Amino acid sequence: GSMLLSMLEASEEEPLIDANTAAWLWLCLDSFFLLEFLCRILSAPSKWSYIVDWLNWADMISSLGLPLRATAGFFLPASMSSANSEIVI
């Protein structure tokens, strides 16, 4: 999903989706990955075993998108948006 979204955004000509739509889609994907990680860790019989198992690290890393995006701020720079100001999401 995220690979397709990146390809739709990064076109040399006119992008297939605008920056605002792409930002909302990224937000939805990040929310889904965080929700999936929380469900998995809450349903795990042993939280510690889940965390130390290296096969689960991909889930943990993919769930960091939303917290990192929230830390940086939910906005698009003016150069990426179609308007002349920042768009707050």
Side-chain angles (χ1 to χ4, degrees):
S2 62
M3 186 95 157
L4 176 63
L5 186 57
S6 293
M7 289 172 40
L8 290 174
E9 278 184 277
S11 174
E12 290 185 19
E13 298 173 5
E14 175 123 6
L16 297 174
I17 57 174
D18 66 338
N20 197 22
T21 304
W24 280 104
L25 289 173
W26 278 114
L27 183 66
C28 291
L29 282 172
D30 289 342
S31 300
F32 174 77
F33 287 132
L34 180 61
L35 181 64
E36 179 194 20
F37 171 69
L38 291 175
C39 288
R40 285 178 181 260
I41 200 162
L42 291 175
S43 65
S46 170
K47 306 324 183 225
W48 181 249
S49 295
Y50 181 84
I51 291 172
V52 297
D53 185 5
W54 69 273
L55 293 172
N56 297 320
W57 288 1
D59 288 335
M60 289 185 270
I61 292 170
S62 68
S63 70
L64 292 176
L66 187 62
L68 290 174
R69 195 176 306 275
T71 302
F74 293 104
F75 65 89
L76 293 173
S79 62
M80 290 185 67
S81 66
S82 57
N84 291 333
S85 62
E86 293 181 344
I87 299 174
V88 177
I89 298 178

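Keep in mind that what you see is a predicted model, and the values were worked out from it rather than measured.
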[X]-[Y] co-clustered via ILVMFWY side chain contacts under 4.5 Å:
{"X": "L42", "Y": "W57", "answer": "yes"}
{"X": "W54", "Y": "I41", "answer": "yes"}
{"X": "I51", "Y": "F37", "answer": "yes"}
{"X": "F33", "Y": "L35", "answer": "no"}

Query raised in the report: How close do L66 and S31 get, heavy atom to heavy atom, and via which atoms?
Result: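 Heavy atoms of L66 and S31 come nearest at CD2-OG, 3.9 Å.
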
**Report entry** Euclidean distance, C28 SG relative to D30 CG, rounded to 0.5 Å
**Finding:** 9.5 Å

**Report entry** Spatial distance of atom OH (Y50) from atom CG (L55) [nearest 0.5 Å]
**Finding:** 10.5 Å

**Report entry** D59: partners by salt bridge (Lys or Arg N to Asp or Glu O under 4.0 Å), with sequence neighbours left out
**Finding:**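 Salt bridge (Lys or Arg N to Asp or Glu O under 4.0 Å) check on D59 returns R40.
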
**Report entry** Qualifying salt bridge (Lys or Arg N to Asp or Glu O under 4.0 Å) pairs, either residue in residues 41-57, two or more places apart
**Finding:** none

Query raised in the report: Do the side chains of L27 and W24 get nearer than 4.5 Å, heavy atoms only?
Result: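 SC-SC contact between W24 and L27 confirmed.
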
